[in-house]
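What follows is a short report on a single structure.
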Amino acid sequence: MYNIDNEIFNIKRIRIRVLEQVAAVTPFQDATMGPFPNFGISIITIEDEDGNLGEAPVYNSYMNILETCLFPILFHSYAVPYKEFYPRLYWAIRNEGFKGPAGAILGQVDMALYDLAARRKMVPLYKYIGGTLNDVKMYGSGGGTNYTLKELETEVTLLMDKGVDCYKMKVGKNFGTKINEDIERVKFVKQLVGDKMKIAADANQIWNSNDVFKFLDAVGEENLCWLEEPIHSASYDQIEQLCKKISISVAYGESERTSKIFPTLVNSGVSHLQPVPTQLGGMKEWMDIRDLCENHDLQFSSGGYSLYSAFLMTSANRDCMIEYLYPLMYGLEKYFSVRPTWENGRFYLSEIEGLPVRIDWDYCYKENKVVREKLWGKQDVPIYNPVVSM
C-alpha cells in the first residue's frame, strides 16, 4: 500500500472536457425526476509539471467553485505535500458549503489526484490504496417508475443472465401517489426472479412513514433486502422513528456530501450506508465511511459512476457491492478504451496504472464527441484569495 500523504502535486495544466450525451438503454424515471432519455459525463484532467495525468468525472456546471476556490490552490501550491495540500483545498470551500456541490467537486478533484499519484507509481489505483484482489461484487440497478412490465422483465432477465443476484428498482411513482402500482411492480419482479435474485427498492425520499408501512405490508419486508431513502434524507428524527418500527434494512447516504453526517445516520438506525465516491469531499472520506460500516457490522454499497469508483470497493469487505445503474451507465461504455469487465455478477478491474478506466480520447475527437472543452494554465489562474459573499 502506498501513502498519498507525502505526494507532491506541482500542477501545470488542467482541462475539462464535456462529452456528448448518450441515449439511455431505456428512458429512465424515478419518484421525482425524469424521464432521462440521455446521460452524459464530463472529465477533469490534471497534469503535473512532468506530464503525468490524473482524470476523474467532474461537475461541469460549477466552474465558479473550481476557478475561485480550487484551481488557485492547485496551481499555486508548489512543493506542498498532500497532507498539507488537501486541507488547503478542503477549507477553501468552507463558505461554499461542505454539504453541497462544492464538497462533491472537491472529491472529484481528489479522485483525479489519486489517479495521478498511482499513474506516477505505475500501479493500479486499487493496489495503491491497499486492495489485493481486482474484482468487486456488483448489483444491478434500474427499474424506472416509468417502465412497463415488459421493460422490467427485459432488464431483469439481462441482469440475471449476467450472473447478478441483486436488483434495485425504483418505487414512489408519480411523486409517491401511485403506491398500488409500486406494489404491483415489485410483486411482478419478485415472481419473475423467485429465489434467483434479491430485490431492493429505492423511493428517492418521496414517502412519509404511513406510505412506507402501506408499501411494506403489501410486498412483505422479507421480500426485500433493503429499502432505500424511503423518507426525506434530512429528516433524521423521522428516519430514526421509522427504523425503530420496521425490521428491513434501511439505506441512506447517496444524498450526502460529507462523511461527517454518517455517524448520525448510524445513530438513527440506518443499517445500510451508501456513500457515492464522486459526491463526497474526498477518497479518505469514503474510506472513513467504509471503516464505520466495518466497525458497526453494517451493509455497505456505493454507486455513482461505478466503473470509476469500483477501485475503492476492492478495499472493503468482499460482500460489499458497487451499484451499476444499467439503463444510464451502459451507453457511456463506448467512450472507454479500458474499463472493468462484467462477468458472473462481478466487475473485474484492469491492471492498468491508476483508475481502472481510460477515456478513448482519439475516438472522442475523431467522432466529434467532445462538445465543450476548456484549458487552464498557471498563468490563467490568480493566487488564492478567499471569497466572502453576503
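Just the heavy atoms: all of them, side chains too, but no hydrogens, waters or symmetry mates, feed the values below.
Ring geometry for Tyr363 versus Tyr335: interplanar angle of 30 to 60°, hence tilted. Taking the six-membered ring where tryptophan is involved, the planes of Phe28 and Tyr147 are perpendicular, since the angle between them exceeds 60° and thus also 30°.
Between Leu106 and Tyr86 there is a side-chain heavy-atom pair separated by less than 4.5 Å. A heavy-atom distance below 4.5 Å is found between the side chains of Leu280 and Ile289. The closest side-chain heavy-atom distance from Ile183 to Lys187 is below 4.5 Å. By the 4.5 Å heavy-atom criterion applied to side chains, Asp165 and Lys137 are counted as neighbours. Residues Met138 and Ser306 fail the side-chain proximity criterion, which asks for heavy atoms closer than 4.5 Å. In this structure the side chain of Ile261 reaches within 4.5 angstrom of the side chain of Lys99, judged on heavy atoms. Side-chain atoms of Thr278 and Tyr308, non-hydrogen and from C-beta on, never get closer than 4.5 Å to each other. Counting only heavy atoms from C-beta outward, the side chains of Ser302 and Pro277 approach each other to under 4.5 Å.
Smallest separation of non-hydrogen atoms from Leu149 and Glu184: CD1-OE2, 4.2 Å. Closest approach of Met197 to Cys166, counting heavy atoms only: CG-N, 3.7 Å. Across all their heavy atoms, Leu328 and Ala24 have their closest contact at CD2-CB, 3.8 Å. Nearest heavy-atom pair across Ala118 and Gly354 is CB-CA, 3.8 Å. Taking all atoms of both residues into account, the shortest heavy-atom contact from Met329 to Gly304 is CE-O, 3.3 Å. Here the closest heavy-atom approach between residue Ala79 and residue Pro81 is recorded as O-CD, 3.6 Å.
Under the ring pair (Phe, Tyr, Trp, His ring centres under 6.0 Å) rule, Tyr90 has a single partner from Phe85, Phe98, Tyr82, which is Phe98. Put simply, the residue from Leu355, Asp110, Asn52, Ile46 that forms a side-chain contact (heavy atoms from CB on, under 4.5 Å) with Asp115 is Leu355.
Residues meeting the salt bridge (charged side-chain N to carboxylate O under 4.0 Å, His left out) test with Arg257, sequence neighbours left out: none. Partners of Asn344 according to the side-chain contact (heavy atoms from CB on, under 4.5 Å) rule, which considers only residues two or more places apart in sequence or in another chain, do not exist here. For Lys12, there are no salt bridge (charged side-chain N to carboxylate O under 4.0 Å, His left out) partners, not counting sequence neighbours. In this structure, the side-chain contact (heavy atoms from CB on, under 4.5 Å) partners of Arg13, at least two apart in sequence or on a different chain, are Arg15, Glu47, Leu375. With sequence neighbours excluded, the residues satisfying side-chain contact (heavy atoms from CB on, under 4.5 Å) with Lys121 are Tyr2, Glu7, Val123, Tyr128. A search for salt bridge (charged side-chain N to carboxylate O under 4.0 Å, His left out) contacts involving Asp135 returns Arg318, Arg346, not counting sequence neighbours. Evaluation of the side-chain contact (heavy atoms from CB on, under 4.5 Å) rule for Pro263 yields Leu292 as partners, not counting sequence neighbours.
Val18 belongs to a hydrophobic cluster with Val371, counting contacts under 4.5 Å between side-chain heavy atoms of Ile, Leu, Val, Met, Phe, Trp and Tyr, direct or through other members.
Under the 4.0 Å criterion applied to side-chain N and carboxylate O atoms, Lys369 and Glu20 are assigned as salt-bridge partners. Using a 4.0 Å cut-off between a side-chain N of Lys or Arg and a carboxylate O of Asp or Glu, Asp182 and Lys173 do not qualify as a salt bridge. Ionic pairing of Glu55 and Arg358 is not present here: no N-O contact between side-chain nitrogen and carboxylate oxygen is shorter than 4.0 angstrom.
Checked by atom type, the side-chain pair Thr26/Glu151 shows no donor-acceptor distance below 3.5 Å. The closest side-chain donor-acceptor pair between Thr145 and Gln29, if any, does not fall under 3.5 angstrom. Between the side chains of Tyr126 and Glu351, at least one donor N or O lies within less than 3.5 Å of an accepting N or O. Side-chain contact check for Thr177 and Asn174: at least one donor-acceptor pair (N or O, by modelled atom type) lies under 3.5 Å.
One hydrophobic cluster, built from ILVMFWY side chains closer than 4.5 Å, cannot hold both Ile129 and Met122; they sit in different ones. If you chain together hydrophobic residues whose side chains sit under 4.5 Å apart, Leu53 and Ile11 never meet in one group. Under the 4.5 Å side-chain contact rule for hydrophobic residues, Ile231 and Val219 share a cluster. Cluster annotation: Val276 and Phe311 are assigned to distinct hydrophobic clusters (Ile/Leu/Val/Met/Phe/Trp/Tyr, side-chain heavy-atom contacts under 4.5 Å, transitive). Ile352 and Tyr114 fall into different hydrophobic clusters, where Ile, Leu, Val, Met, Phe, Trp and Tyr are joined by side-chain heavy atoms under 4.5 Å apart, directly or via other members.
Listed by first then second residue, pairs satisfying ring pair (Phe, Tyr, Trp, His ring centres under 6.0 Å) with a partner in residues 268-288 read Trp226-His272, Trp286-Phe300, not counting sequence neighbours. Within the structure, no pair that satisfies the ring pair (Phe, Tyr, Trp, His ring centres under 6.0 Å) test touches residues 163-190, not counting sequence neighbours.
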Check: Where do Met321 and Lys168 land on the side-chain contact (heavy atoms from CB on, under 4.5 Å) test, with the steps shown first?
Finding: CA-CA 12 Å; Met321 296 184 290; Lys168 186 176 79 179; over 6 Å; no
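The neighbour count for Lys334 NZ, taken as heavy atoms of other residues, nucleotides or ligands under 6.0 Å away, is above 12. Around OH of Tyr365, the count of heavy atoms belonging to other residues, nucleotides or ligands within 6.0 Å exceeds 12. Atom NZ of Lys178 sits in a sparse spot, with 12 or fewer heavy atoms from other residues, nucleotides or ligands closer than 6.0 Å.
Note: Tyr324 and Phe347 meet the aromatic proximity criterion, with ring centroids under 6.0 Å apart.
Remark: Glu254 CD to Gln274 CD distance equals 5.0 Å, nearest 0.5 Å.
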Compile the donor-acceptor pairs under 3.5 Å between side chains in residues 234-246 and protein atoms, sequence neighbours left out, one pair per line.
none

Donor-acceptor pairs under 3.5 angstrom involving side-chain atoms of residues 59-75: please list them, not counting sequence neighbours.
{"unit_1": "Tyr59", "atom_1": "OH", "unit_2": "Gln279", "atom_2": "OE1", "d": "2.3"}
{"unit_1": "Tyr59", "atom_1": "OH", "unit_2": "Gln279", "atom_2": "NE2", "d": "3.3"}
{"unit_1": "Asn60", "atom_1": "OD1", "unit_2": "Arg372", "atom_2": "NH2", "d": "2.9"}
{"unit_1": "Asn60", "atom_1": "ND2", "unit_2": "Ser42", "atom_2": "OG", "d": "2.6"}
{"unit_1": "Glu67", "atom_1": "OE2", "unit_2": "Lys374", "atom_2": "NZ", "d": "3.2"}
{"unit_1": "Glu67", "atom_1": "OE2", "unit_2": "Trp376", "atom_2": "NE1", "d": "2.9"}
{"unit_1": "Thr68", "atom_1": "OG1", "unit_2": "Asn64", "atom_2": "O", "d": "2.5"}

